[in-house]
*Asks:* 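Got a structure for you, questions after.
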2 protein chains.
Amino acid sequence: MGDKIKVRKSKEKVIEVATGLFHRKGYQPTSVDEILERSGVKKSTFYYHFKSKEELALKILDMRIEEFESDVISKTLCETSISPKNRLHKFYERVKAFHQSLKCYEGCPFGNLAIEMSDINEKFRTRLSAFFKRWEEAIESCIREGIENGDFRSDINPTLAAGLILSQLEGAIMMAKTYKTLDPLANGAQTVLKLLQLA
Amino acid sequence: MGDKIKVRKSKEKVIEVATGLFHRKGYQPTSVDEILERSGVKKSTFYYHFKSKEELALKILDMRIEEFESDVISKTLCETSISPKNRLHKFYERVKAFHQSLKCYEGCPFGNLAIEMSDINEKFRTRLSAFFKRWEEAIESCIREGIENGDFRSDINPTLAAGLILSQLEGAIMMAKTYKTLDPLANGAQTVLKLLQLA
DNA sequence: CAATTAGTACTGACTAGTTAGTCCTAATTT
DNA sequence: AAATTAGGACTAACTAGTCAGTACTAATTG
């Protein structure tokens with residue numbers, strides 16, 4: 001007795017396991033069979049909960065986006081109780097800590113998916129595109145406020161700078177994954193922060 | 001008659017077709033069968049020339065790296081007959097033209113592969129890592145020279161700036177592919193060029 | 001109160017197609 | 001003679017997805 005306690009836990013277990021696999025291996029190279037094997041869930045149960053592998057991945061993407069926006073963006077870039085400069089700094093620290101905990105493996109779950117899926121699946125692309133846009137806007141607001149309160153140079157364009165910062169961050173995560181060192185991320189954060197401020 | 005002119009062309013044809021497919025779909029999602037079908041080459045002929053799909057992909061990667069270094073990096077960033085500032089400008093123009101011709105599809109063949117393969121295949125990772133390093137060094141030399149001749153601000157660190165520029169470029173290509181617009185690339189180039197120069 | 005129905009969660013067996021790669025012989029080209 | 005290509009049969013593992021049916025619980029009905 002005791003080995004039938006998996007009642008009403010299959011769906012959560014599948015989501016948990018698939019979240020890790022999609023991040024590690026990507027969407028396409030992750031097979032439903034591997035998700036099933038690692039989660040101990042039967043195929044028939046999987047297809048009872050999800051109508052397809054795509055539906056599962058889109059649900060997981062939505063969950064990760066929501067989590068990132070409420071746990072990271074809201075608590076750093078949008079945390080108006082601290083100064084814009086410190087908000088941006090805190091944001092970089094959070095991202096660095098995340099990739100340090102991953103030992104520079106896996107990379108950005110959103111960037112990975114954007115590269116893998118943007119050309120071949122419009123559902124993934126529109127979600128990622130809208131999310132990146134909101135992310136840029138959060139950075140932009142932070143910069144705009146930092147210019148107003150004197151944290152940042154007044155001769156920079158907040159919109160352009162925000163776009164540059166997000167691009168640079170995603171590229172740095174890509175480089176960190178390739179070089180297997182956090183340096184691109186740390187150096188990028190340092191350089192961006194310096195460039196935003198007065199000489 | 002006339003449709004048997006594929007003599008001694010199988011290898012080149014496979015490389016040509018696979019180069020496109022690996023760029024468009026990635027390494028793993030591209031099947032040997034699809035390469036064969038599109039190139040009109042038989043499986044036995046394929047395995048006569050290449051011992052595996054991996055060997056083919058590594059060969060193609062080496063070719064693309066060599067081509068990029070001699071056709072793009074050498075002729076822009078390292079073209080010492082023009083000024084550092086104009087070299088960097090020309091480099092950005094080449095990259096923008098490339099992705100414009102692709103209508104913001106496909107992305108960077110190197111960045112795509114770096115994200116897909118760095119964690120799972122050390123042969124791909126070491127090649128990409130060494131290539132990115134050389135690319136950064138080319139940018140760094142260009143900046144260093146630009147500081148010396150007065151093109152760029154003297155208070156920037158060429159090493160850090162080069163790392164930032166490559167990261168930003170790769171991230172901007174990712175964003176361009178996701179948003180399906182060249183703006184991230186164009187804005188990034190403009191902003192970087194401005195930041196490098198005196199106010 | 002007993003019988004029925006409906007909804008949720010789950011199972012095992014199955015399909016039809018794809019995957020990379022092998023093996024062999026015969027023909028053709030250089 | 002050596003290199004290259006054609007043609008095809010084949011393997012073993014893997015791919016996403018289907019299907020009929022079981023077990024249990026809660027609400028509904030006669």
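Here is the naming used below: chain letters follow the sequence lines, and residue numbers restart at 1 for every chain.
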*Asks:* Would you please name every residue forming a side-chain contact (heavy atoms from CB on, under 4.5 Å) with B:N86, sequence neighbours left out?
*Replies:* B:S83
*Asks:* Can you name the residues that form a side-chain contact (heavy atoms from CB on, under 4.5 Å) with B:K42, not counting sequence neighbours?
*Replies:* B:S44, B:T45
*Asks:* Starting at CZ of B:F50 and ending at C1' of C:dA20, how long is that distance when rounded to a whole Å?
*Replies:* 15 Å
*Asks:* Could you give the distance from CD (B:Q28) to CG (B:N121), rounded to the nearest 0.5 Å?
*Replies:* 9.0 Å
*Asks:* Counting just side-chain N and O atoms, does A:Y47 come under 4.0 Å of either OP1 or OP2 of D:dG17?
*Replies:* yes
*Asks:* Quick one: does A:Y92's side chain have a donor or acceptor within less than 3.5 Å of a partner on A:L169's backbone?
*Replies:* no
*Asks:* Just the rounded figure in Å: distance from C1' of D:dT18 to NZ of A:K53.
*Replies:* 17 Å
*Asks:* State which residues pass salt bridge (Lys or Arg N to Asp or Glu O under 4.0 Å) with A:K194; sequence neighbours excluded, sorted by chain then number.
*Replies:* none
*Asks:* Taking OP1 and OP2 of C:dA9, is either one under 4.0 Å from a side-chain nitrogen or oxygen of A:S10?
*Replies:* no
*Asks:* For DNA chain D, which residues of residues 16-27 of chain A approach it to below 4.0 angstrom with any heavy atom?
*Replies:* none
*Asks:* Does this structure show an ion pair linking A:R38 with A:D33, if we count only N-O contacts that are shorter than 4.0 Å?
*Replies:* no
*Asks:* Whole angstrom is fine here: how far is it from CZ in B:F46 over to P in D:dA3?
*Replies:* 21 Å
*Asks:* May I have the distance from A:K13 (atom NZ) to C:dC10 (atom C1'), rounded to whole angstrom?
*Replies:* 17 Å
*Asks:* C:dC10, OP1 or OP2 - any side-chain N/O from A:Y48 closer than 4.0 Å?
*Replies:* no
*Asks:* Rounding to a whole Å, what distance do you find between B:L56:CG and C:dT19:P?
*Replies:* 16 Å
*Asks:* Please determine if a side-chain N or O atom of A:H49 lies less than 4.0 Å away from the OP1 or OP2 oxygen of C:dC10.
*Replies:* yes
*Asks:* Flag the pair B:R24 and A:D119 as a salt bridge only when some basic side-chain nitrogen lies within less than 4.0 angstrom of an acidic carboxylate oxygen.
*Replies:* no
*Asks:* Please tabulate the protein-to-nucleotide N/O contacts below 3.5 Å involving nucleotides 12-18 of chain C, giving atom names and distances.
*Replies:*
unit_1 : atom_1 : unit_2 : atom_2 : d
C:dG12 : OP2    : A:K42  : NZ     : 3.4
C:dG12 : N7     : A:S44  : OG     : 3.2
C:dG12 : O6     : A:S44  : OG     : 2.8

*Asks:* Identify, with sequence neighbours excluded, every residue that meets side-chain contact (heavy atoms from CB on, under 4.5 Å) alongside A:T76.
*Replies:* A:V72, A:K90, A:F91, A:R94
*Asks:* May I have the distance from B:K9 (atom NZ) to C:dT30 (atom C1'), rounded to whole angstrom?
*Replies:* 13 Å
*Asks:* With a 4.0 Å cut-off on N to O distance, would you call A:E79 and A:R87 a salt bridge?
*Replies:* no
*Asks:* Which whole-number value in Å describes the distance from B:L36 CG to D:dA6 P?
*Replies:* 10 Å
